[in-house]
Amino acid sequence: MKDTKHNSGAPEDPQRRTFLIGLIAAMVSFITLVLGGSGALYFLSPAWRGRKENWVAVGPISGLKEGDPIKIDFVQRKMDGWNVIQSPSSVWVVLQKGEWVAYDPHCTHLGCPYRWDANKKAFICPCHGGVFSKDGNVVSGPPPKPLMRYPTKIENSTLYILPEGAKA
Ligand code: FES
């Protein structure tokens with residue numbers, strides 16, 4: 001007599017099995033690609049790149065000669081993740097014995113902006129009377145240390161400074 005019940009133990013169709021295995025493999029590959037790709041993008045983002053020196057172009061120096069210091073205004077651009085932050089800044093520059101010197105424009109006492117007095121040949125801080133010589137040393141007043149100097153370099157007749165490298 002023939003068995004008319006549903007035969008659950010019947011052999012599967014080999015083509016169907018191959019199709020399902022291929023489908024599962026494709027789905028796993030797709031998920032791996034999506035998750036792995038976004039993870040790779042995260043690690044390639046600017047926040048993970050190695051820190052590099054942020055030299056800032058201050059301006060052309062052709063035509064500038066030894067003499068009184070001059071104040072140069074410039075815009076400093078910094079990367080913060082994907083954002084570019086721009087901040088106006090300034091620097092005092094002077095050519096001394098053939099070498100460019102760049103001073104942070106803030107007094108080393110309490111951070112006031114100082115100015116160059118061409119008659120006295122000195123930097124004068126208006127806040128508490130601090131006086132600095134042309135080479136940045138304290139002449140008188142409360143400043144505890146010389147003016148902060150930025151590292152400088154010249155490329156294509158343009159003066160660059162390294163703000164984070166400032167030291168007295
Ligand atoms: S801030 Fe310059 S002397 Fe005080």
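Bear in mind that the values here come from a model prediction, so they are computed numbers and not experimental data. This chain uses plain numbering: 1 for the first residue, then up along the sequence. Remember, it's 1-based here, ligands and their atoms both numbered in the order they're listed.
- The list of disulfide bond (SG atoms under 2.5 Å apart) pairs with a residue in residues 127-168, not counting sequence neighbours, reads C112-C127.
- A distance-only check finds no donor-acceptor pair linking the side chain of T152 to the backbone of A102 [under 3.5 Å].
- Using a cut-off of 4.0 Å between Lys/Arg side-chain N and Asp/Glu carboxylate O, K134 and D68 are scored as not salt-bridged.
- Side-chain N/O atoms of D135 and S133 include a donor and acceptor closer than 3.5 Å.
- Around atom 4 (Fe) of ligand 1, protein atoms of type N, O or S found under 2.8 Å number 2.
- When hydrophobic side chains of Ile, Leu, Val, Met, Phe, Trp and Tyr are connected at separations under 4.5 Å, W55 ends up clustered with Y160, L162.
- Residue Y103 shares its hydrophobic cluster (ILVMFWY side chains chained together at separations under 4.5 Å) with W92, V94, V101, Y114, W116, F123, F132, V138, L147.
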